[in-house]
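Below, chains carry the letters A, B, ... as their sequence lines are ordered, and counting in each starts from 1.
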Amino acid sequence: MTITPEFRPAPGDLEEHEFLVNMGPQHPSTHGVLRVILRVDGERLVDAIPDIGFLHRCFEKVAEGWTYQQVVPLTDRLDYVSAMTNELAYVMAVEKLAGIEVPERAQWLRVLVAELQRIASHLVWFGTFALDLGATTPFLYAIREREHILDLFEALCGARLTYSYMRIGGVRGDLPPGFVGKTREFLKLMPSRLREYENLFMRNRIFENRTKGIGRVTAEEAVAYGASGPTLRGSGVDWDLRRDEPYSAYDRFEFGVPVGQSGDVYDRAVCRFKEMYESLKIVEQVLDGLPEGDVRAKVPRVLKPPAGDVYTRVESPRGEVGVYLVSDGGPKPYRVKWRAPSFAHLRLLPVMAKGHMVADIVAIIGSIDIILGEVDR
Amino acid sequence: MHSLTSLLTGLWSFICGLWVTLVNAVRPPVTFQYPEKYYVPLEGFRGYPALVVDPETRETKCNGCQACARACPLGVIHIETAQREDKKRYPVEWRLEFGRCMVCNLCVEACPFGALTMSPEYEFAEYRPEDLVYNLEALKLPPEGFEVRRLDGSTVRTGLAGGGRG
Amino acid sequence: MPADLGAFLQGVFDQVHLWASQSPFWSALFSLGWGIVKVILVLGFIIVNVLVLVWLERKFSGRVQSRLGPMRVGRPHGWAQTIADMIKLLGKEDIVPRAADKALFVIAPVVIFTATMLVYVVVPMGPRTIVSDLNIGVLYLAAAASFTVISVLMAGWGSSSKWSLLGALRGAAMLVSYEVPMVLAVIGVVLLSGTLSTNAIVESQSGLWYILVQPIGFLVFLAALFAELNRVPFDLAEAESELVSGFNIEYSGLRFAFFFLAEYANLLALSAIAVTLYFGGWQGPFLPPFVWFMLKTYGFILLVMWIRWTLPRVRVDQLLEFGWKVLLPAALVNLAVTGVYVLLT
């Protein structure tokens with residue numbers, strides 16, 4: 001069924017007893033400007049068609065006009081809740097193409113900020129997910145805990161959301177004084193707070209009733225649609241890029257990867273929640289073993305990687321973020337293609353929503369953890 | 001679905017949740033009232049690009065090499081220079097269109113003389129977009145500097161002479 | 001001083017009553033006048049308390065969420081915030097949708113507020129402080145509490161919006177299904193006290209509060225209370241319903257203020273009833289009965305707010321299932337056990 005921009009189905013497309021509900025671009029429960037057109041038969045959802053593009057900012061085109069170094073702050077703004085992993089994906093692609101070796105300390109610092117960013121992003125997910133389901137309080141708690149991480153990042157690189165911290169060949173600067181102490185305080189504080197959230201929300205009977213059995217995705221479907229991250233692991237597929245295709249310094253650390261079973265909203269939510277504990281473990285290991293050294297390799301002022309193409313991928317909080325970089329030997333990239341995990345997951349929406357009730361769509365969208373910034377680029 | 005044990009465990013999950021809420025209700029609030037109490041940013045906070053000045057002469061270290069203007073992805077820096085008697089170049093006009101600046105720090109890193117830094121000022125709202133174009137005098141770091149805090153809890157004044165972390 | 005004032009007012013009242021009973025005309029006029037005075041007093045009580053309650057909700061939710069709540073409007077802790085909000089609502093444009101059923105649309109807020117006020121008739125705030133000590137108090141309560149259903153349906157239909165109507169239908173389904181367990185739970189209390197009059201129920205709790213002997217009945221009543229009050233976890237008539245704002249979506253300005261006021265007035269009324277039925281009403285040592293009543297009512301309201309800010313929302317089919325399959329059997333079991341106990345003693 002095709003939907004015209006005026007939000008009308010073509011004649012003959014809709015069964016007589018069905019009608020369309022427009023879950024418009026402005027809605028308290030779509031995380032960003034997402035429009036979902038629901039085809040409803042009474043209470044049951046027949047189809048849920050996402051309509052995207054409201055946040056398109058021509059990232060890939062703009063990147064073709066900027067030098068390699070200048071594109072780094074641009075990548076911040078794609079998945080803005082998890083900016084560090086975006087930058088990481090991009091600088092790794094450039095380094096691979098140009099054959100630049102990153103010093104050891106810089107690799108460890110990259111892992112440190114990536115994992116702290118993972119915790120911050122999952123906290124945002126947790127807060128907004130609870131808000132969608134009607135519980136206002138967990139959101140405030142999640143934001144309160146996230147403040148600690150944002151303070152750490154503010155001292156590290158000067159910004160709280162769009163960091164511009166990674167550089168080609170390393171990171172921008174070393175840890176400021178007091179950073180390690182403050183992070184260790186945070187590591188001591190966080191597990192008890194996470195257990196509080198479990199008691200408040202994750203173990204709540206109402207939450208379980210609203211999410212168990214909803215939005216099921218089988219493992220085959222998830223793989224076929226290109227799911228990754230917790231969306232894939234919730235369906236029982238044990239695949240994590242940090243462990244299975246280690247990049248940066250991830251092969252030095254020990255951490256678990258939570259995997260679900262039934263692929264419903266509940267399993268995905270629990271996977272994401274448990275990942276926060278694992279990230280805390282990784283941060284502790286990084287702080288314990290951080291090597292000395294430079295934080296940035298010597299890179300020519302005007303970088304001209306040899307002509308060629310490369311695809312790198314990292315495990316962002318949402319899934320697999322991929323960068324396909326094509327260089328023509330000049331100072332500016334020829335093509336920067338961004339593979340956003342939320343884009344693939346949105347395609348799973350009709351699969352997940354079929355047969356459920358209209359009230360479930362909110363829980364389903366929340367469990368995918370989409371950020372429109374990376375969907376629309 | 002509604003066996004007695006399931007009901008009791010459900011009720012217990014509610015009571016656990018209520019306990020968490022109660023515990024948090026007796027913790028002190030983490031918010032404070034902003035305009036009355038100023039939020040002191042952390043050291044190194046990126047507010048807007050500012051010119052480092054010599055404390056006595058109030059002269060910048062900039063010699064107009066345009067490295068920052070070239071490094072800026074958005075092209076918001078415009079510098080015009082002139083030459084002094086001793087052949088040293090100095091900027092006569094140094095314009096920053098702050099309305100379009102994305103505060104990415106690339107200009108600060110590009111400057112080979114350390115003439116630029118990020119000032120931690122964040123209260124720069126204006127009523128008209130024209131007022132967001134900063135000129136040479138406005139960009140010079142004020143002599144009193146800015147109050148920032150460090151992660152260990154101490155507060156320092158920065159931006160006085162050498163500028164913050166670049 | 002209060003005792004003297006009370007005695008003085010009582011004296012004045014008795015004098016006027018005596019003088020008025022001389023002729024049927026004057027005594028009828030007196031009854032009418034006294035009734036109007038009572039209505040005005042109740043209205044004043046409601047409005048003052050609602051202003052406090054809205055502020056209290058915002059402050060309490062702020063406390064639970066580690067933040068401050070209103071602070072600016074009325075310098076110590078924003079006590080005038082509700083007044084400012086009401087003034088803002090009064091100043092808004094009065095919009096009536098073109099396709100709306102004008103009569104229903106206009107009358108619905110009035111009906112809901114009236115329905116809420118009706119409950120206050122049997123709320124005992126002291127040994128003789130009650131608007132009208134009906135000897136069928138509880139029966140009257142069950143009837144008056146059902147009025148809100150009508151106004152919800154009026155608002156939903158009168159707004160001429162698909163989603164408003166569906167929200168109203170769901171809200172009405174919820175309200176109706178949760179009245180049955182609520183009334184059954186209350187009948188347990190009635191059996192124990194042997195009377196339907198609310199004042200007599202309070203007096204019969206002088207030895208033992210009914211919460212201690214009717215724990216299951218109280219839990220059923222509490223769950224049904226949240227449904228009647230349209231609060232989380234059962235607030236689907238208002239919040240998420242069909243992805244928009246619910247049955248009062250088309251209302252703005254003063255009409256919306258009525259719905260808002262009625263919601264909090266309902267909270268106060270039903271909390272007062274809960275305190276009357278289960279927590280001993282105005283009974284208590286040392287302090288005047290009215291003070292005890294207010295303390296207990298506000299304590300119960302804090303409990304209701306505490307639960308609201310902790311739990312997520314229930315889906316509509318789960319809500320109806322819970323009401324009919326769990327609460328109703330529990331209320332019936334409670335009734336059976338209470339009945340057997342009363343029979344044996």
Is the backbone of [Y] close enough, under 3.5 Å, to the side chain of [X] for a donor and an acceptor to pair up by distance?
{"X": "R150(B)", "Y": "P176(A)", "value": "no"}
{"X": "R205(A)", "Y": "L11(B)", "value": "no"}
{"X": "Q70(A)", "Y": "A71(B)", "value": "yes"}

*Do you know which of E154(A), E147(A), K182(A) has the most heavy-atom pairs with chain B at a distance under 4.5 angstrom?*
E154(A)
_Top of R167(A), E198(A), R203(A), E208(A) for chain B proximity - count of heavy-atom pairs under 4.5 angstrom_ = R167(A)
*Quick check: are there more than 12 heavy atoms from other residues, nucleotides or ligands sitting under 6.0 Å from NZ of K304(A)?*
no
*Does atom OH of Y334(A) have more than 12 heavy-atom neighbours, drawn from other residues, nucleotides or ligands, at distances under 6.0 Å?*
no
*Under 4.5 Å from any heavy atom of chain A - which part of T9(B)*: both
*Side chain, backbone, both or neither: which part of P120(B) has an atom under 4.5 Å from a heavy atom of chain A?*
neither
Given side chains that start at C-beta, do those of [X] and [Y] come closer than 4.5 Å, heavy atoms only?
{"X": "T162(A)", "Y": "M102(B)", "answer": "no"}
{"X": "P73(A)", "Y": "L106(B)", "answer": "yes"}
{"X": "L151(B)", "Y": "L152(A)", "answer": "yes"}

*asked:* Please determine whether side chain to side chain contact (heavy atoms under 4.5 Å, CB included) holds for the pair R149(B) and D151(A), giving the CA-CA distance in whole Å, both sets of side-chain angles, and the decisive distance to 0.1 Å.
replied: CA-CA 11 Å; R149(B) 62 190 164 100; D151(A) 272 350; 3.9 Å; yes
Chain B heavy atoms under 4.5 Å from [X]: which part of the residue, side chain, backbone, both or neither?
{"X": "R144(A)", "result": "side chain"}
{"X": "R195(A)", "result": "neither"}
{"X": "D76(A)", "result": "neither"}
{"X": "Y141(A)", "result": "side chain"}
{"X": "L140(A)", "result": "neither"}
{"X": "E185(A)", "result": "neither"}

What closest approach, in Å, do [X] and [Y] show between heavy atoms, and which atom pair accounts for it?
{"X": "G158(A)", "Y": "F45(B)", "answer": "O-CD1, 3.3 Å"}
{"X": "R301(A)", "Y": "A67(B)", "answer": "NH1-CB, 4.4 Å"}
{"X": "S164(A)", "Y": "C104(B)", "answer": "OG-O, 2.8 Å"}

*Straight-line distance of T67(A) OG1 to R70(B) CZ, nearest 0.5 Å*: 11.5 Å
*For the candidates C72(B), P73(B), G17(B), G47(B), which exhibits the highest count of non-hydrogen atom pairs separated by less than 4.5 Å from chain A?*
P73(B)
*Let me know which of V20(B), L18(B), N24(B) forms a side chain to side chain contact (heavy atoms under 4.5 Å, CB included) with L200(A).*
V20(B)
